[in-house]
Trainee: 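Below is a structure I'd like to ask you about.
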Amino acid sequence: MVKLETERLYLQPFKKLDSSRIQELANNKEVANILGLPHPYLLKYAEDWIDTHPELIKKGVEYPLAIVYKNTKEIIGTINIRVDHNNNKGELGYWIGRDYWGNGFATEAVKQIISFGFNELNLNKIWAAAISRNKASIMVLEKAGLQKEGTLRQNKLLLNNYEDVEVYGLLKVEFTKQDSCK
Ligand SMILES: CC(C)(COP(=O)(O)OP(=O)(O)OC[C@H]1O[C@@H](n2cnc3c(N)ncnc32)[C@H](O)[C@@H]1OP(=O)(O)O)[C@@H](O)C(=O)NCCC(=O)NCCS
């Protein structure tokens with residue numbers, strides 16, 4: 001079983017029982033609007049989503065993990081790495097429940113899943129996309145060591161607006177270099 005640990009967090013597979021907590025956290029307009037999630041977010045969406053996880057993880061296609069705050073044992077968000085085996089690269093996705101923003105949790109989780117991606121999955125590249133106005137997400141990617149690769153103009157249709165999207169990436173050679181500088 002994949003279980004990652006940081007100073008304050010566990011990153012671990014979801015259990016079916018976690019559906020109601022995911023519904024509670026995802027049923028927030030600020031989170032939903034950025035991610036393009038339906039609002040209201042129904043329990044069934046969370047259940048259906050969690051049902052897909054065992055197979056994805058078993059096949060090594062995606063690693064959707066719950067972000068658990070060790071202090072309270074509560075799930076505070078989710079993180080995922082989607083693997084493109086043909087190109088040996090992984091795409092990051094993550095969100096944190098609104099009440100927990102601004103505590104460095106996303107950065108802590110992203111750094112850990114990046115280590116997992118390079119050290120355990122032996123990926124060559126990890127990348128992520130964030131809509132250009134999502135400054136918090138861009139900060140997270142920069143703090144985790146990814147660098148900007150470009151802007152895709154009007155690349156995503158979100159709530160009737162065509163949004164510019166920033167693409168960020170980190171190569172294994174750069175990660176290894178960062179690691180050896182510590
Ligand atoms: C983006 C998100 C994951 C960040 O989570 P978080 O745990 O609050 O992130 P962190 O605390 O690790 O870091 C956020 C950084 O962005 C900064 N930040 C927040 N809002 C900002 C803004 N409007 N402009 C500039 N910086 C901003 C914070 O100050 C912090 O940087 P600091 O630690 O140097 O002060 C969270 O806001 C979220 O889930 N948003 C909705 C979903 C989403 O955007 N997911 C990512 C899709 S690509």
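Counting starts at 1 for both ligands and their atoms, following the listed order.
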Trainee: For residues 96-120, pull every pair meeting salt bridge (charged side-chain N to carboxylate O under 4.0 Å, His left out), keeping only residues two or more places apart or in separate chains.
Mentor: Arg8-Glu108, Glu30-Arg98
Trainee: Within this structure, what is the OH-NZ distance for the pair Tyr10 and Lys73, rounded to the nearest 0.5 Å?
Mentor: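 Taking OH in Tyr10 and NZ in Lys73, the distance rounds to 6.5 Å.
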Trainee: Assess whether a salt bridge exists between Asp164 and Lys156, defined as any Lys/Arg side-chain N lying under 4.0 Å from an Asp/Glu carboxylate O.
Mentor: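 Not counted as a salt bridge, because no side-chain N and carboxylate O are separated by less than 4.0 Å.
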Trainee: Using a strict threshold of under 4.0 Å (side-chain N to carboxylate O), is an ion pair present between Lys44 and Glu47?
Mentor: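 Between Lys44 and Glu47 there is no salt bridge, as every charged N stays at least 4.0 Å from the carboxylate O atoms.
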Trainee: What distance do Ile22 atom CD1 and Tyr45 atom OH have between them, rounded to the nearest 0.5 Å?
Mentor: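 One gets 15.5 Å once the value is rounded to the nearest 0.5 Å.
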Trainee: In order of chain and number, which residues sit within 4.0 Å of ligand 1 by heavy atom?
Mentor: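 Ligand 1 pocket, heavy atoms under 4.0 Å: Ile34, Leu35, Tyr94, Trp95, Ile96, Trp101, Gly102, Asn103, Gly104, Phe105, Ala106, Thr107, Ala129, Ala130, Asn134, Lys135, Ala136, Ser137, Met139, Val140, Lys143.
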Trainee: Between Lys125 and Glu91, is there a salt bridge with N-O shorter than 4.0 Å?
Mentor: no
